[in-house]
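Reviewing the structure listed below.
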Amino acid sequence: MAETVKKKTSTKTGTGTAAKKTTTARKSTKKSAETAVQEEIAKIEAVAPETSADKKKILFVASEATPFIQTGGLAEVIGSLSTALAATGKFDVRVVIPLYSDIKKEYRDKFTYLGNLYVHLAWRNQYCGIFSYEKDGVIFYFLDNEFYFKRPGCYGYFDDGERFAFFSRAVLEIMPFLNFYPEVMHCHDWQAALAAIYLKTNYCFRQEYQFIRSLFTIHNIEYQGQYSLDILSTLFDIYGRYQYLVEYNNCINLMKGAIEVSERFSTVSPTYAEEIKNPYYAHGLDPIVRNNQFKLRGILNGIDDKGYNPQLDSHLFANYSAEDMSGKAICKSELQKMLNLPVKPNTPIISMISRLVAHKGLDLVTNVIEEILQDDVQLVILGTGDYQYESYFKDLARRYPDKVSANIVFNGDLSRKIYSGSDIFLMPSKSEPCGLSQMIACRYATIPVVRETGGLYDSIKPLYNGYTFSNYNAHDMMYVIREAIYDYRDKEVWQKLMYNAATSDFSWKKSAEEYEALYMEMLK
């Protein structure tokens, strides 16, 4: 036994020089890896120099963003607003979202790996990889954890609360790693609410976080992030002394907590900001909104006027502009052919591109649509949703094959073709925080018929760029649709409406100016 030990010792001694070289090589490799990370961070800082005293640092915290991943209007807001703010030259704008497995490969291949850290959340200690990508003057960060985000889609999982608690905590943990402490952390919807809550609770005693202001934007107050109180500490890492911030109606309400702790909170249209003070629209949160209304703002969203441009849109059958609408007639006839509808240039096409759910006003539509179809009109539906509405419109198309096309699918290419080939766009929502579809329809010179609620009221002006009705009533809606059909026969009136709609300014420039003013007010 002694002889064996002696041999092992001798072998170790004999390779001392090699071991020393190996150790040196490892140190060198580690050093070069650290250097590489620092170089990548330096590149990012060179793109948006943190040292510029004139630029205010803004960090968007959201669950999705175009062009990387999108399930609704939230992603378009994050992608477009951040770009518009960066374009002013006054802000160093950065965006952080989860690294979902569904993010397009064309972008994933270009992401830069910056490094990783571990995020402490209650009893968990989870890996977080950090990737970056620069686009249009905005730096996007993607937080990687395959346990939480290597799944199809973004939402709808039993552990969404835990997934976005991890994400929110990770947002605050990466700030020292990136050496980026924003002056305003702009959090969007309940998935990012915990970032604002953690900032003012678990992180409020850390010196470098004490001067970060938080702005919380409500895109849809219906989805509030509600959970049982018994998981407050074990899942969300929030303890007794802070329970009052998130407790509401005997449960956890993350949106309520973000409203309470943020310096300001906003909605996506001025009318919606007023509506959510009312129990009819607020889904139970109206007392909290009213208590905090002194810090509430409503700023109307815009749309990407470059992406939605009929002069340049490659999805269209023909391009056109507000000054030359001749291409729109081609778009209409080709759409009719594509959807197997009779090609009738003088028959108005009424379209709906929507989620097929009740609050989009579909109960109004199903109530009177067959009466409307007695007129010389065609109806085109695009969207998915509740089974009852999907089935209804499929059956309607079967019974009226020359008048109705029901496309129960979400198809981005077809949506552009419908926007450009339609004459009237129907959007009779029961509630609509902002709505982008009516703005996109205007951009393509398709005249919206909308109910006066939320952003629909703020963006569509009767007999200027569309038609509106106020009461949530099927026959009120039908009356206005028939008014639009009547005006469609008068080419002079209709051409003027089309021009007004196509030239309505729904760009992000005005919205960015209002957010700029709000940020500066917060920083006083």
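Positions are given from 1 along the sequence.
Residues I238 and L194 are in side-chain contact: their nearest non-hydrogen atoms beyond the backbone lie under 4.5 Å apart. For the pair Y308 and E76, the minimum side-chain heavy-atom distance is below 4.5 Å. Proximity of Y519 to L85: side-chain heavy atoms (C-beta onward) are separated by under 4.5 Å at one or more points. Two residues are said to be in side-chain contact when any heavy atoms from C-beta on lie closer than 4.5 Å; I78 and T66 fail this criterion. Within the 4.5 Å cutoff, no side-chain heavy atoms of F131 are placed close to those of T112. Side-chain contact check for Y472 versus R451: some heavy-atom pair is nearer than 4.5 Å. Contact check for I212 versus P182: side-chain heavy atoms found under the 4.5 Å cut-off.
Nearest heavy-atom pair across Y113 and N116 is OH-ND2, 2.7 Å. Minimum interatomic distance between I252 and S228 (heavy atoms only, all atoms of both residues): CD1-O, 3.1 Å. Closest heavy-atom contact between E516 and K90: OE2-NZ, 2.7 Å. Of all heavy-atom pairs spanning S80 and W508, the tightest one is CB-NE1, 2.9 Å. Between C434 and M439, the shortest heavy-atom distance links the atoms SG-CE, 3.8 Å. Residues K105 and D109 come closest through the heavy atom pair NZ-OD2, 2.8 Å.
For OH of Y127, the number of neighbouring non-hydrogen atoms (other residues, nucleotides, ligands) closer than 6.0 Å is greater than 12.
Exactly one residue among R297, K200, R213 makes a salt bridge (Lys or Arg N to Asp or Glu O under 4.0 Å) with E263. That residue is K200. For the side chain to side chain contact (heavy atoms under 4.5 Å, CB included) with F236, the lone residue among L121, I231, V246 that qualifies is I231. Screening D304, I303, I353 for a side chain to side chain contact (heavy atoms under 4.5 Å, CB included) involving I440 leaves a single residue, I303.
Checking side-chain atoms of Y248 against main-chain N and O of G284 turns up a donor-acceptor pair under 3.5 Å. Although no hydrogens or angles enter the test, the distance criterion places a donor-acceptor pair under 3.5 Å between the side chain of Q224 and the main chain of H283. A donor-acceptor pair under 3.5 Å is formed between the side chain of T366 and the backbone N or O of L362. Remark: side-chain polar atoms of Q70 are not paired, donor with acceptor, to backbone N or O of P67 under 3.5 angstrom. A side-chain donor-acceptor contact under 3.5 Å links T446 to the backbone of S422. Side-chain atoms of D286 do not come within 3.5 Å of backbone N or O of A282 as any donor-acceptor pair. Not a single donor-acceptor pair under 3.5 Å links the side chain of Y281 to the backbone N or O of Y272. Put simply, the side chain of E162 never gets that close to the backbone of L235: no donor and acceptor are under 3.5 Å apart. With hydrogens and angles ignored, the 3.5 Å screen pairs no side-chain donor or acceptor of D386 with any backbone N or O of Y389. Proximity of a side-chain donor or acceptor of K417 to a complementary backbone N or O of H315 within less than 3.5 Å is detected.
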Derivation and outcome, ring pair (Phe, Tyr, Trp, His ring centres under 6.0 Å), residues Y419 and F425:
CA-CA 8 Å; Y419 278 124; F425 187 82; 5.5 Å; yes

Checking salt bridge (Lys or Arg N to Asp or Glu O under 4.0 Å) for the pair E260/K256: CA distance, chi angles, key distance, verdict?
CA-CA 6 Å; E260 295 279 19; K256 181 259 186 184; 3.8 Å; yes

Verdict with reasoning, Y133 to F68, per ring pair (Phe, Tyr, Trp, His ring centres under 6.0 Å)
CA-CA 11 Å; Y133 181 77; F68 309 103; 5.8 Å; yes

Stepwise ring pair (Phe, Tyr, Trp, His ring centres under 6.0 Å) check, F142 with F111:
CA-CA 9 Å; F142 303 86; F111 291 172; 4.1 Å; yes

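A cation-pi arrangement is present between R151 and Y157 under the rule of less than 6.0 angstrom and at most 45 degrees off the ring axis. Taking the centre and axis of the six-membered ring of Y181, the NZ or CZ atom of K57 falls outside the cone set by 45° and 6.0 Å. Under a cutoff of 6.0 Å and an axis angle of 45°, R443 and F506 do not form a cation-pi pair.
D144 contributes atom CG, which lies 5.0 Å from atom CG of L99 (distance to the nearest 0.5 angstrom). In this structure, NE2 on H188 lies 9.5 Å from CZ on F216, to the nearest 0.5 angstrom. The distance from atom CD1 of I349 to atom SG of C331, rounded to the nearest 0.5 Å, is 10.5 Å. To the nearest 0.5 Å, atoms CG (N407) and CE (M352) are separated by 13.5 Å. Within the model, atoms CD of E222 and CE of M255 stand 10.0 Å from one another, a figure rounded to the nearest 0.5 Å. The distance from the CG atom of L74 to the CD atom of E64 is 4.5 Å, given to the nearest 0.5 Å.
A side-chain N or O of S63 and one of Y155 form a donor-acceptor pair less than 3.5 Å apart. Between the side chains of T453 and E275, a donor-acceptor pair is found at a separation under 3.5 Å. Side-chain polar atoms of Q293 and K277 form a donor-acceptor pair below 3.5 angstrom. Side-chain contact check for S266 and T217: at least one donor-acceptor pair (N or O, by modelled atom type) lies under 3.5 Å.
The side chain to side chain donor-acceptor pair (under 3.5 Å) search around S269 returns none, not counting sequence neighbours. Looking at residues two or more places apart in sequence or on another chain, you find a side chain to side chain contact (heavy atoms under 4.5 Å, CB included) between L312 and N309.
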